[in-house]
Amino acid sequence: MKKVVLVFLSTIIGACANIPLSAMVKMASLNPLEIVPKELVAVVEMPSGVNVQEGDIIVYFKFNTPDANVNFSHEFALQNNSNYPLPKSLQSDLNPTKTYRTFTLSSADAATMMQGQRIVKQFRMTSNEGGGFFHLSLNSACRTSGFNAELDKEINIHIKLEEQEDFFTLIDGADVTDLGKYNKKATANLAICDKFDSW
């Protein structure tokens, strides 16, 4: 069975310079059909005064073929998961001057993504047509009066794709004020927060 051509892309604010080499190697070998959706975790480190909330990080999972009955296009907004227990290995790597939030797929979205994976795997058993991609993107964030770009404006993203795997740093030191510069789907400017999720 030919492996489906799916691309893991990161337009999480920054250019490639903010993606560590180890993350590039990880992404190059990634098969999105083998990701366990309920085990996908993103930990976002934010400068003081910056807030990444539910709905800001989107997972795009799409597949397109000549058979309309097979095609799908999903967009999943990662949900804040304050109950997720961070491993000590990641805790020791987090910057103590930053705040962090943990995001996962909702149970319903994880089930929908898993169903999409099954559809693609089944289709690939008889056909090599079509293709798709898996794409994780930070589309927005906001700032409060406590944000000072001269002191700190860098954001870090750590990702875990399977329960038995370690977190790896996907984005390291990206400028949060450039959110709209690299990501066409992103808000053009770092907007003022008009509401806050519960922490």
Side-chain angles (χ1 to χ4, degrees), residues 1-14 16 19-44 52-87 89-90 100-140 157-171 183-186 197:
M1 180 180 71
K2 183 178 179 181
K3 184 185 293 185
V4 61
V5 179
L6 286 168
V7 182
F8 181 75
L9 298 173
S10 171
T11 56
I12 307 183
I13 15 180
C16 291
I19 303 178
L21 178 59
S22 58
M24 292 183 180
V25 173
K26 177 77 174 180
M27 290 185 289
S29 61
L30 175 68
N31 180 0
L33 298 182
E34 301 305 322
I35 293 173
V36 182
K38 66 180 181 180
E39 296 176 4
L40 189 156
V41 184
V43 176
V44 183
V52 175
Q53 306 183 95
E54 291 187 353
D56 288 340
I57 303 177
I58 307 295
V59 169
Y60 300 91
F61 187 40
K62 301 183 180 182
F63 189 64
N64 187 61
T65 74
D67 185 350
N69 294 321
V70 175
N71 299 344
F72 60 81
S73 179
H74 299 310
E75 296 184 11
F76 306 123
L78 294 189
Q79 306 295 301
N80 178 36
N81 187 347
S82 58
N83 295 321
Y84 184 85
L86 287 186
S89 57
L90 179 60
Y100 73 87
R101 301 191 80 176
T102 304
F103 296 88
T104 57
L105 288 168
S106 68
S107 297
D109 286 345
T112 300
M113 180 174 169
M114 185 174 292
Q115 177 60 20
Q117 291 172 312
R118 292 194 191 103
I119 290 172
V120 176
K121 289 178 180 179
Q122 185 174 5
F123 181 79
R124 276 288 175 258
M125 295 178 70
T126 58
S127 176
N128 290 325
E129 293 185 282
F133 66 87
F134 174 87
H135 175 103
L136 189 152
S137 175
L138 175 61
N139 284 351
S140 56
I157 310 287
H158 310 280
I159 299 291
K160 185 175 184 178
L161 301 174
E162 293 183 24
E163 185 176 356
Q164 301 304 318
E165 290 188 354
D166 293 328
F167 279 88
F168 66 95
T169 300
L170 180 62
I171 294 294
N183 187 352
K184 293 180 180 180
K185 290 181 176 291
D197 290 342

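Along the sequence shown, residues are numbered consecutively beginning with 1.
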With distance as the sole criterion, is a donor-acceptor pair present between the side chains of Thr65 and Asp67 under 3.5 Å?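 There is no such pair (donor and acceptor under 3.5 Å, judged by atom type) between the side chains of Thr65 and Asp67.
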Below 30° counts as parallel, above 60° as perpendicular, anything between as tilted: where do the rings of Tyr60 and His135 land? perpendicular
Would you say [X] and [Y] make side-chain contact, with heavy atoms under 4.5 Å?
X: Ile171; Y: Leu138; answer: no
X: Val43; Y: Tyr84; answer: no
X: Phe103; Y: Val52; answer: yes

State the [atom1]-[atom2] distance between [X] and [Y], to the nearest 0.5 angstrom.
X: Thr112; Y: Phe76; atom1: OG1; atom2: CZ; value: 5.5 Å
X: Leu90; Y: Thr169; atom1: CG; atom2: OG1; value: 8.0 Å
X: Leu136; Y: Ile157; atom1: CG; atom2: CD1; value: 8.0 Å
X: Asn83; Y: Thr102; atom1: CG; atom2: OG1; value: 10.0 Å
X: Asn69; Y: Phe123; atom1: CG; atom2: CZ; value: 10.5 Å
X: Asn139; Y: Asp56; atom1: CG; atom2: CG; value: 8.0 Å

Between [X] and [Y], what is the shortest heavy-atom contact and its length?
X: Leu105; Y: Asp109; value: CD2-CB, 4.2 Å
X: Glu54; Y: Asn80; value: OE2-N, 3.0 Å
X: Glu162; Y: Glu34; value: OE2-O, 3.8 Å
X: Ile58; Y: Glu75; value: CG2-CB, 4.2 Å
X: His74; Y: Lys62; value: N-CG, 4.3 Å
X: Gly130; Y: Phe63; value: C-CE1, 4.3 Å

Using a 3.5 Å distance criterion without hydrogens, assess whether the side chain of [X] forms a donor-acceptor pair with backbone atoms of [Y].
X: Gln79; Y: Ala77; result: yes
X: Asn64; Y: Asn71; result: no
X: Gln117; Y: Ile35; result: yes
X: Arg124; Y: Glu129; result: yes
X: Glu39; Y: Glu163; result: yes

If the condition is salt bridge (charged side-chain N to carboxylate O under 4.0 Å, His left out), which residues does Glu165 pass it with, not counting sequence neighbours? Lys26
Using side chain to side chain contact (heavy atoms under 4.5 Å, CB included), reason through Leu86 and Tyr100 one step at a time and then give a plain yes or no. CA-CA 11 Å; Leu86 287 186; Tyr100 73 87; 3.2 Å; yes
